[in-house]
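Residues take their numbers from the sequence shown, with the count starting at 1.
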Amino acid sequence: MNLFLWIALYLANTAFVWWVVWGGAAEWFEGWRSLLIVDWLFALQWNSEQIALYTLVCWVGHTIWFVVGLFVPEVRTFFW
């Protein structure tokens with residue numbers, strides 16, 4: 001993946017996280033919609049603060065991966 005796409009995907013992810021955490025989308029994701037961003041069934045019972053915290057913690061991991069990917073191009077590949 002080239003550097004421009006790497007940065008663009010990170011910026012899109014950051015905008016989504018901002019929307020969920022500070023933009024009020026966590027309330028919208030409560031209930032069955034939480035399964036769209038949280039991959040396990042226990043999320044059905046989560047409130048908006050828990051969804052926002054989960055999203056923020058995932059963003060911290062994505063940020064670390066992004067910074068490493070800036071300097072090590074091999075990290076930019078997906079292993080799926």
Side-chain angles (χ1 to χ4, degrees):
M1 176 181 314
N2 66 20
L3 185 61
F4 176 75
L5 182 58
W6 183 250
I7 293 171
L9 288 174
Y10 177 74
L11 291 176
N13 182 36
T14 301
F16 177 76
V17 169
W18 185 90
W19 177 59
V20 170
V21 175
W22 293 286
E27 289 93 17
W28 186 80
F29 278 111
E30 283 184 352
W32 68 269
R33 292 185 196 116
S34 65
L35 295 175
L36 298 173
I37 60 172
V38 181
D39 287 339
W40 45 330
L41 287 176
F42 295 114
L44 291 172
Q45 302 168 359
W46 286 5
N47 60 25
S48 62
E49 290 85 13
Q50 291 169 314
I51 294 170
L53 178 64
Y54 176 83
T55 306
L56 192 61
V57 168
C58 287
W59 179 79
V60 169
H62 293 163
T63 299
I64 293 168
W65 186 26
F66 171 74
V67 171
V68 171
L70 287 176
F71 301 106
V72 183
E74 292 83 23
V75 175
R76 296 182 209 158
T77 59
F78 296 100
F79 299 103
W80 301 5

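- Evaluation of the ring-ring contact (aromatic ring centres under 6.0 Å, His included) rule for Phe71 yields no partner, not counting sequence neighbours.
- Of the inter-residue distances, the one linking Trp22 atom CH2 with Thr55 atom OG1 reads 10.5 Å to the nearest 0.5 angstrom.
- Listed by chain and number, the residues in a side chain to side chain contact (heavy atoms under 4.5 Å, CB included) with Glu30 are Asn47, Ser48, Ile51 (sequence neighbours excluded).
- Looking at residues two or more places apart in sequence or on another chain, you find a side chain to side chain contact (heavy atoms under 4.5 Å, CB included) between Val72 and Val68, Glu74, Val75.
- Phe29 CZ to Trp19 CH2: the interatomic distance, rounded to the nearest 0.5 Å, is 4.5 Å.
- Follow the hydrophobic side-chain contacts under 4.5 Å out from Leu53 and you never reach Leu36; the two are in separate clusters.
- Criterion: ILVMFWY side-chain heavy atoms under 4.5 Å apart, direct or through other members. Under it, Val57 and Trp46 are not part of a common hydrophobic cluster.
- A pairwise comparison of heavy atoms in Ser34 and Leu44 identifies OG-N, 3.7 Å as the closest pair.
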Please set out all donor-acceptor pairs under 3.5 angstrom arising from side-chain atoms of residues 3-18, sequence neighbours excluded.
unit_1	atom_1	unit_2	atom_2	d
Trp6	NE1	Phe66	O	3.2
Tyr10	OH	Thr63	OG1	2.9
Asn13	ND2	His62	ND1	2.9
Thr14	OG1	Tyr10	O	2.9
Thr14	OG1	Trp59	NE1	3.1

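- In plain terms, the two heavy atoms of Gln50 and Gln45 that are nearest each other are OE1-O, 4.3 Å.
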